[in-house]
Amino acid sequence: MARTTPHEPAPSDDRPLYGRIAALLLDELRDGTIPPGERLPGERHLAAHFQVSRETVRQALELLRRSGLIATDRRGSHATLPGLPVEAQGTPVFPLGARSADPSAVDLATVTWEAPPPEHAQALGLAPLRPTLVHRYRSATPDGRSLRTAVTSFSAVALAEVAELARYRGRADGATPAQLRRAYDWMRRAGLCLHHRDSISQVDASSVRVTRRVHDQYARPLEITDLVVDAGRDALVYEFTLPAAG
């Protein structure tokens with residue numbers, strides 16, 4: 001089935017271009033691609049993302065600002081609409097098992113568009129050096145001691161089937177925070193039934209590695225994650241039962 005990209009408004013839409021871009025941006029705010037409170041990308045980045053001029057982006061942002069849907073302060077523009085709870089009951093974190101048991105832990109997650117680790121490329125059926133969306137996560141104590149890290153690579157199937165994931169390609173600079181807390185929900189809404197297989201190995205005296213492979217009901221690979229946990233300081237607890245959304 002053909003999919004409409006974020007910068008392709010419906011052909012019959014007779015609104016001015018900036019109005020259509022405002023609507024597309026609002027869709028990304030509502031579906032969690034840009035979570036509530038997160039700073040929006042700059043005008044130049046949005047212009048490239050939607051393939052329009054910066055003036056059109058500026059007018060679209062002003063329209064959303066007048067409607068009270070975004071606000072601008074010293075940090076830049078950010079979403080103000082409440083949206084759906086980012087972590088509703090039954091919604092797992094991403095990567096699964098990434099939430100630290102230490103309440104003082106500081107988490108950072110970003111995405112890049114790059115060639116994944118060779119073992120990830122092989123597991124996902126990607127040609128060597130073919131780029132894809134790579135998610136990196138790190139949780140550390142306030143003094144900088146690492147509690148857990150995770151690297152997740154997505155397959156071409158996941159990016160083709162899940163529009164919300166594909167949208168991150170335009171912001172995958174490795175610097176912008178990217179919390180993909182709804183990634184598994186996005187996959188389910190796309191009609192994918194998620195099956196996972198975990199293998200656990202010892203890294204050193206205090207750390208363990210969990211390698212997670214996720215595939216759909218057609219045995220197509222969706223993502224692979226390597227999660228390393230400081231077993232001496234942190235607990236690893238997770239659950240994963242996610243049928244396709246019906």
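- The environment of CD in Glu119 is crowded: more than 12 heavy-atom neighbours from other residues, nucleotides or ligands sit within 6.0 Å.
- The same ILVMFWY cluster, assembled from side-chain heavy atoms under 4.5 Å apart, contains both Tyr168 and Leu192.
- Taking hydrophobic clusters as Ile, Leu, Val, Met, Phe, Trp and Tyr residues chained together by side-chain heavy-atom distances below 4.5 Å, Val151 does not share a cluster with Leu124.
- Separating the CD1 atom in Ile200 from the CZ atom in Arg212 is a distance of 9.0 Å, to the nearest 0.5 Å.
- With sequence neighbours left out, Ala158 forms a side-chain contact (heavy atoms from CB on, under 4.5 Å) with Phe154, Ser155, Leu165, Leu222.
- Contact annotation: the side chain of His196 never approaches that of His215 to less than 4.5 Å [non-hydrogen atoms, C-beta and beyond].
- Asp226 and His120 are linked by a side-chain donor-acceptor pair at a separation below 3.5 angstrom, with hydrogens and angles left out of the test.
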Query raised in the report: Stepwise, does the salt bridge (charged side-chain N to carboxylate O under 4.0 Å, His left out) test hold for Arg182 with Asp185?
Result: CA-CA 5 Å; Arg182 294 178 179 163; Asp185 277 350; over 6 Å; no
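- Annotation: Arg213, atom CZ; neighbour count of heavy atoms from other residues, nucleotides and ligands within 6.0 Å does not exceed 12.
- Between Leu126 and Pro116, the closest side-chain pair of non-hydrogen atoms falls below 4.5 Å.
- The hydrophobic clustering, which links ILVMFWY residues whose side-chain heavy atoms are closer than 4.5 Å, places Val157 and Leu180 together.
- At least one side-chain heavy atom of Val52 sits under 4.5 Å from a side-chain heavy atom of Val57.
- Using a 4.0 Å cut-off between charged nitrogen and carboxylate oxygen, Arg189 and Glu164 count as a salt-bridge pair.
- Of the N and O atoms on the side chains of Ser139 and Asp107, at least one donor lies less than 3.5 Å from an acceptor on the other residue.
- Under the 4.0 Å criterion applied to side-chain N and carboxylate O atoms, Glu43 and Arg58 are assigned as salt-bridge partners.
- Hydrophobic cluster membership differs between Leu46 and Leu63, with clusters built from Ile, Leu, Val, Met, Phe, Trp and Tyr side chains linked at under 4.5 angstrom.
- One finds a salt bridge joining Glu161 and Arg220 here, because a Lys/Arg side-chain nitrogen approaches an Asp/Glu carboxylate oxygen to under 4.0 Å.
- One side chain, Glu114 or Thr112, offers a donor N or O that lies under 3.5 Å from an acceptor on the other.
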